[in-house]
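Below is one structure, written out as structure tokens; comments come after it.
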Amino acid sequence: MSPSELRSRMNINEIPKQYDPKDAQDRWYGFWLRNGYFHADPSSEKPPYCIVIPPPNVTGALHLGHALNNTLQDVLIRWRRMQGWDCLWMPGTDHAGIATQAVVERRLLEEEKLTRHDVGREALVERIWAWKDEYEKRILDQLRLMGCSCDWERTRFTLDEMCSKAVRRTFFNLFKAGKIFRGKRLVNWDTQLRTAVADDEIYYEEANGHLWTIKYPVADSADVLHVATTRPETMLGDTAVAVHPDDPRYQRLIGKMVELPLTGRRIPIIADAILVDPAFGTGCVKVTPAHDPNDYQTGLRNDLPMINLLNPDGTYNENAGEKYAGLDRMVVRKRVVEDLKSAGLLERVDSYLVRLNHSDRSKTPIEPYLSDQWFVRMADDADGAPGFAQQAMDAVTAGKVRITPERYAKSYADWLAEKRDWCISRQLWWGHRIPIWFCTTCSEEDLQLAFGGRSDVSWREAEAGGWLICGERDLAADALGDGHLLLQETDVLDTWFSSALWPHSTLGWPDDTPELRKYYPTSVLSTARDIITLWVARMVIFGQFNMREAPFRDVYIHPVIQDGNGKRMSKSAGNGVDPVDIVEVYGADALRYTLALGATETQDLRMPVEKLKLADGRTINSSERFEQGRNFGNKIWNVARLTMMNLEGYEPAPVDVAKLPVEDRWILAELDETIRATTADLDAFRFSEAARRLREFAWGEFCDWYVEFIKTRLRDPETRPDAQRTAAAVLDALCRLLHPIMPFLTEQIWQLLGRLAPRRGAPRPVEAAASVCIAPWPVPAGLEDAEARAAVAQWKEKIQAIRNLRAERNVPKEAKIAPVIVAEGIVADRLRSGESFIKSLTGAGSIEITADGSNRPAESAVTVLADAEIVLPLEGLIDKEAELAKLKKSLADLDRQIAPLRAKLANESFTERAPAEVVATARDKLSELEAQHASVAALVEAGAR
RNA sequence: GGGCGAUUAACUCAGCGGUUAGAGUGCCUGCCUUACACGUAGGAGGUCGGGGGUUCGAAUCCCUCAUCGCCCA
């Protein structure tokens with residue numbers, strides 16, 4: 001079918017009045033995939049542009065925050081793709097060690113009453129893989145539903161073969177470089193899951209508890225110290241009592257010993273200004289280095305012994321003494337309190353509000369626990385060479401990595417400045433198992449003999465004796481021959497270890513792949529601020545370690561979505577919004593537009609949440625905000641319909657812009673400016689500005705004005721062709737500009753438009769691309785036109801003034817008014833060029849533009865503007881008193897503006913110090929207002945007579 | 001305790017040194033005007049959190065207080 005045949009068949013009734021998002025989504029996503037538009041090609045000549053997705057946890061479904069982040073990434077990717085870059089958006093998911101294992105374990109317990117120890121390591125891991133398969137699919141489907149243009153053929157998982165290889169190589173290299181060590185550290189211990197958990201995986205909860213005050217007798221003396229604690233059972237592990245060095249009450253006791261009750265041990269009284277606040281309580285503090293973070297630091301400072309009382313399951317061990325060993329810590333607490341009481345050493349018990357750490361995963365109280373852990377060294381080298389933390393800080397200060405908004409560079413630097421070692425071991429089963437084997441029986445000769453020639457095995461003496469052997473590939477238990485058993489470390493790596501490799505592991509590192517060569521370093525990383533430290537900093541560290549180059553040029557930090565009360569959205573709080581629900585109700589384009597509009601530079605984005613009942617009976621969480629996106633999309637849809645139904649007889653041809661009517665020159669100039677500004681917005685990650693600007697152009701200029709201007713031209717065969725060409729050109733550019741934000745809607749229009757006007761564009765028509773997805777991003781065509789813009793501004797202002805007069809005087813809709821515009825000079829000229837528009841858009845029967853305002857009909861409504869007077873004769877409709885009142889009000893308004901302006905100009909320090917330009921503007925403004933004032937005053941005078 | 005941010009129209013937010021402070025939603029009043037009622041035309045509504053300062057000029061810069069949120073201890 002030829003375009004002209006199609007055109008004649010294009011009946012407005014065939015295109016629905018309302019944009020149907022579902023239809024477009026179903027139709028075009030598959031089309032894009034089939035055509036391979038999302039597939040990056042390392043062999044292409046185009047320059048690379050790459051974003052790696054922050055891999056969502058396979059724990060559950062995506063929430064609105066993911067929807068925001070992925071919308072913004074897709075905007076960048078689609079925009080750059082249109083600009084001609086070879087774009088790779090790398091998708092994938094994160095195994096999320098503890099989070100996923102905890103979910104599956106909980107389910108196991110609920111559904112089968114089994115613990116992980118019942119099913120065993122292998123079987124549990126198998127179950128988690130099954131869970132992963134289900135949720136990974138769900139997550140990736142959600143991304144597709146939103147229109148994300150990821151390169152699905154390259155989808156990765158942090159625990160897949162490719163990532164595992166990268167993890168192994170990295171660990172091995174770190175081990176060889178001496179960046180990895182094993183040591184005893186105080187960690188947050190989850191006694192239920194029996195693992196260390198990271199600081200960000202715990203939360204505080206306040207509870208009513210007690211404060212016990214215990215008496216500690218001073219050895220060889222009658223003195224007694226009073227020590228208060230919320231955890232009396234830990235006293236069994238005390239190795240000192242601390243006082244403030246300047247506290248006069250205890251000066252004489254410093255250096256003496258106390259008899260630690262119930263244990264028979266003697267421990268020293270030490271002075272420590274950091275731990276002890278002399279004003280708090282008795283000024284004496286018990287020190288339990290193995291079971292409290294502050295005490296631990298005190299222990300290190302004062303070289304105290306550390307006594308670990310705890311077994312991994314939360315029971316006390318033999319260090320607590322025979323009497324308490326094997327009992328749960330809560331039972332020990334009761335016993336200790338009873339025993340102290342019967343020994344007469346319990347001074348008092350008070351009610352106390354205790355702040356207790358809980359594990360995010362098991363919801364049970366955390367125990368500070370001294371255990372063997374693996375670490376990556378962050379500190380500088382002994383010779384002063386910058387260590388990992390310093391290198392990561394340098395990447396930002398040297399400008400190799402730019403963080404937007406800039407203020408987040410500070411939290412990045414502050415955190416890294418502490419240079420704290422990174423604890424990378426987790427006592428879990430789901431994750432990358434640490435590739436270390438222990439051997440306590442062998443000698444270095446044995447190791448040399450077995451592994452001497454191998455570059456993939458490295459060993460080092462362990463702190464506690466024996467050997468730590470790191471293998472890039474698994475080592476057999478009998479690799480050292482008979483008599484020496486190799487035992488693999490049972491811990492797995494912290495999830496962030498594999499996440500930290502994401503930008504290069506997904507591209508094939510350690511292999512030298514075409515992808516790695518072309519797309520590393522990646523272009524932008526977009527993420528939420530709460531993982532700047534945990535993730536972003538560590539990617540920089542590992543990227544620089546493995547690749548000798550930071551993994552991305554830009555880091556963009558998006559705002560956090562909260563509910564209408566400023567609370568974090570969460571499933572448990574019941575205020576979470578599911579993006580899938582929003583897509584269902586409003587469509588993917590509406591979701592994306594609204595989120596882009598909300599992506600301002602602030603750190604929080606509030607979204608009032610309300611319940612919405614769907615036709616199928618389900619009640620979902622929704623937000624009125626999404627109507628903005630839906631309504632805007634519908635507006636675009638309808639202006640496209642209007643344009644297309646007027647394309648009958650369309651013939652593409654080059655246009656001489658200089659000879660086009662004012663309104664065409666105006667809209668093309670506005671378009672140029674919009675292209676320029678929108679491109680700059682996206683370049684600076686100003687997503688909200690871009691969305692706002694495009695709406696202003698599309699709705700506020702193109703729909704509200706341009707299309708109205710050309711309606712009459714479209715009916716006249718003489719003027720029709722150029723109007724069609726300009727309208728088609730603008731619609732074409734608009735589709736391209738909006739595509740990154742609203743991909744489905746714009747593709748739907750693009751395809752329809754392609755059938756009617758396959759060649760389009762001004763000043764020169766070109767063949768439209770097969771998909772807007774691969775159409776070139778618009779560039780300004782050098783069509784600025786200040787005169788056209790000034791003229792149209794004149795038309796708009798006068799049309800609005802006349803409409804206002806009509807509305808205020810209640811002129812019936814059907815009345816054909818005959819307004820007179822009194823103006824002269826260039827103003828009159830500009831108005832004459834738009835006379836017909838002023839007439840049609842105000843519903844006037846006739847219109848007069850004259851320099852002579854003397855013969856005004858007695859019964860008329862009048863508006864005095866800065867450069868013109870509008871007279872609307874309204875015989876029989878005029879209330880003289882009301883007219884006079886209106887004029888007087890306008891006079892008062894003018895006075896209110898004139899007075900401060902006069903005062904300002906009378907002020908010498910203003911006229912002398914302010915820039916000449918500002919002073920001149922003020923003078924012009926004043927004389928304009930004074931002229932206006934004089935005109936209104938004359939009218940008042942005449943009316944009063 | 002330290003840091004970051006917010007406080008502008010009823011709500012959600014722009015504006016970040018120079019005209020009478022803007023938008024969307026909501027509200028009020030007309031209109032189903034053959035592109036769109038998810039629309040259109042018009043309108044009301046703000047001493048820019050309080051106080052001080054810098055400046056010819058402050059919503060905008062500085063200080064301080066208050067309230068709220070987040071991050072790190």
Side-chain angles (χ1 to χ4, degrees), chain A residues 12-13 15-19 199-200 293-294 405 407-411 413-415 418 528-533 559-560 562 564-568 586-587 590 594 597-608 623-646 686 688-689 691-693 695-696 699-700 703-704 707-708 711 799-800 802-814 840-843 866 893-894 896-898 900-901 903-915 917-919 921-922 924-926 928-929:
Chain A
I12 191 67
N13 297 320
I15 311 179
K17 266 184 170 183
Q18 277 185 9
Y19 168 59
D199 290 343
D200 62 301
N294 292 319
R407 69 185 116 95
Y408 291 115
K410 190 172 156 50
S411 38
D414 284 353
W415 184 80
E418 294 183 30
R529 65 174 176 276
D530 52 354
I531 51 176
I532 293 174
T533 53
V560 167
Q562 304 171 334
N565 303 314
K567 296 277 175 287
R568 223 188 159 83
Y586 297 98
T594 304
L597 194 64
T600 60
E601 271 214 23
T602 50
Q603 47 183 23
D604 305 315
L605 163 57
R606 286 193 189 190
M607 251 303 150
S623 179
E624 227 180 35
R625 292 283 104 90
F626 294 107
E627 288 178 12
Q628 290 191 51
R630 181 198 59 186
N631 295 355
F632 178 50
N634 196 240
K635 187 71 182 177
I636 298 299
W637 177 245
N638 274 290
V639 80
R641 279 176 77 218
L642 174 74
T643 307
M644 291 190 288
M645 68 190 255
N646 280 295
R686 291 188 300 254
S688 180
E689 266 303 295
R692 192 188 301 270
R693 191 186 304 286
R695 179 178 62 194
E696 179 49 34
W699 198 326
C703 296
D704 286 352
V707 153
E708 296 301 330
K711 274 182 179 169
I799 288 168
Q800 279 165 334
I802 296 169
R803 282 173 174 170
N804 185 312
L805 283 176
R806 277 195 82 127
E808 283 200 333
R809 271 65 172 188
N810 295 319
V811 178
K813 190 175 141 314
E814 59 286 351
S840 62
L841 295 184
T842 56
D893 284 344
L894 287 166
R896 219 174 316 129
Q897 292 171 56
I898 288 168
L901 206 51
K904 196 177 191 177
L905 283 161
N907 184 349
E908 273 179 29
S909 43
F910 171 69
T911 49
E912 276 165 26
R913 299 196 196 198
E917 204 182 282
V918 173
V919 178
T921 314
D924 291 350
K925 182 71 197 170
L926 180 60
E928 195 180 284
L929 286 171

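Hydrogens, waters and symmetry mates are skipped; everything else that's a heavy atom, side chains included, is used. Numbered from 1 within each chain, the chains take letters A, B, ... in sequence-line order.
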Taking only the [atom1] atom of each, what is the distance from [N] to [M] in whole angstrom?
N: B:rA10; M: B:rA66; atom1: C1'; answer: 23 Å
N: B:rU8; M: B:rG49; atom1: C1'; answer: 10 Å
N: B:rU47; M: B:rA21; atom1: P; answer: 12 Å
N: B:rA41; M: B:rA58; atom1: P; answer: 37 Å
N: B:rG53; M: B:rG5; atom1: C1'; answer: 23 Å
N: B:rU64; M: B:rU40; atom1: C1'; answer: 50 Å
N: B:rG57; M: B:rG2; atom1: C1'; answer: 37 Å
N: B:rG45; M: B:rU29; atom1: C1'; answer: 15 Å

Beyond-backbone contact of A:Val639 with A:Trp699, side-chain heavy atoms, under 4.5 angstrom: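 SC-SC contact between A:Val639 and A:Trp699 ruled out.
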
What residues form a side chain to side chain donor-acceptor pair (under 3.5 Å) with [X], not counting sequence neighbours?
X: A:Arg693; answer: A:Asp681, A:Glu689
X: A:Tyr586; answer: none
X: A:Glu708; answer: A:Lys711
X: A:Thr602; answer: A:Thr600

For [X], all residues meeting side-chain contact (heavy atoms from CB on, under 4.5 Å), sequence neighbours excluded:
X: A:Gln18; answer: A:Asn634
X: A:Glu928; answer: A:Ala866, A:Lys925
X: A:Asp414; answer: A:Lys410
X: A:Arg606; answer: A:Gln562

With a cut-off of less than 4.0 Å, is there a side-chain N or O of A:Thr602 near OP1 or OP2 of B:rA14?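 A:Thr602 to B:rA14 OP1/OP2: side-chain N or O found under 4.0 Å.
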
In whole angstrom, give the distance that lies between atom [atom1] of [X] and atom [atom2] of [N].
X: A:Leu905; N: B:rG57; atom1: CG; atom2: P; value: 14 Å
X: A:Ile532; N: B:rC71; atom1: CD1; atom2: C1'; value: 9 Å
X: A:Lys813; N: B:rU33; atom1: NZ; atom2: P; value: 7 Å
X: A:Asn638; N: B:rC36; atom1: CG; atom2: C1'; value: 3 Å
X: A:Arg806; N: B:rC31; atom1: CZ; atom2: P; value: 13 Å
X: A:Glu912; N: B:rU55; atom1: CD; atom2: P; value: 16 Å
X: A:Glu928; N: B:rU19; atom1: CD; atom2: C1'; value: 10 Å
X: A:Leu642; N: B:rU33; atom1: CG; atom2: C1'; value: 14 Å

From C-beta outward on [X], which listed nucleotide comes closest to its side chain: [options]?
X: A:Lys925; options: B:rU19, B:rG69, B:rA14; value: B:rU19
X: A:Lys904; options: B:rA35, B:rG18, B:rA14; value: B:rG18
X: A:Asp414; options: B:rC11, B:rG18, B:rG3; value: B:rG3
X: A:Lys17; options: B:rA37, B:rC11, B:rU20; value: B:rA37
X: A:Pro608; options: B:rC36, B:rU19, B:rC11; value: B:rC11
X: A:Arg407; options: B:rA35, B:rA14, B:rG5; value: B:rG5

Could you pull out the protein-nucleic contacts involving nucleotides 22-24 of chain B (nitrogen or oxygen on both sides, under 3.5 Å)?
unit_1: B:rA23; atom_1: O2'; unit_2: A:Arg695; atom_2: NH2; d: 3.2
unit_1: B:rG24; atom_1: O2'; unit_2: A:Gln628; atom_2: OE1; d: 3.4

Given A:Cys703 and A:Lys635, is the side chain to side chain contact (heavy atoms under 4.5 Å, CB included) satisfied, shown in steps? CA-CA 8 Å; A:Cys703 296; A:Lys635 187 71 182 177; 3.6 Å; yes

Would you call the rings of A:Trp637 and A:Tyr19 parallel, tilted or perpendicular if under 30° counts as parallel and over 60° as perpendicular?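 Rings of A:Trp637 and A:Tyr19: tilted, as their planes differ by 30° to 60°.
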
Please tell me which of A:Ser411 and A:Ser909 maps to the more 5' nucleotide of RNA chain B, matching each residue to the nucleotide holding its nearest heavy atom.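 Checking each residue's closest nucleotide, the 5'-ward one belongs to A:Ser909.
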
Residue closer to the 5' end of RNA chain B, A:Leu597 versus A:Gln562 (nearest nucleotide):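 Upstream on the strand: A:Leu597.
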
Give the dot-bracket line for RNA chain B from 5' end to 3' end: parentheses for intra-strand Watson-Crick or G-U pairs under 3.5 Å, square brackets for crossings, | for inter-strand pairing, dots for unpaired. (((((((..((((....[...)))).(((((.......))))).....(((((..]....)))))))))))).

Mind checking [X] for me? I need base, sugar-phosphate or nothing, with any heavy atom below 4.0 Å counting as a touch.
X: A:Leu901; result: nothing
X: A:Arg896; result: nothing
X: A:Thr600; result: sugar-phosphate

Going by the salt bridge (Lys or Arg N to Asp or Glu O under 4.0 Å) test, which pairs reach into residues 803-812 of chain A, not counting sequence neighbours?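 Passing the test, one end in residues 803-812 of chain A: A:Arg809-A:Glu883.
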
So, does A:Ser623 use its side chain to make a donor-acceptor pair with the main chain of A:Pro608 at under 3.5 Å?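 Present.
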
Quiz question: going by heavy-atom distance under 3.5 Å, is there a donor-acceptor pair between the base of B:rA35 and the side chain of A:Glu708?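 Counting by modelled atom types and ignoring angles, a donor-acceptor contact under 3.5 Å is found here.
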
Quick tally for nucleotides 38-43 of chain B: nucleotides whose base has a protein heavy atom under 4.0 Å get B, sugar-phosphate-only ones S, the rest -, giving BSSSSS

Looking at every non-hydrogen atom in both residues, tell me the closest pair between A:Ala691 and A:Leu597 and how far apart they are.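 Scanning both residues completely, I find the closest heavy atoms to be CB-CD1, 3.9 Å.
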
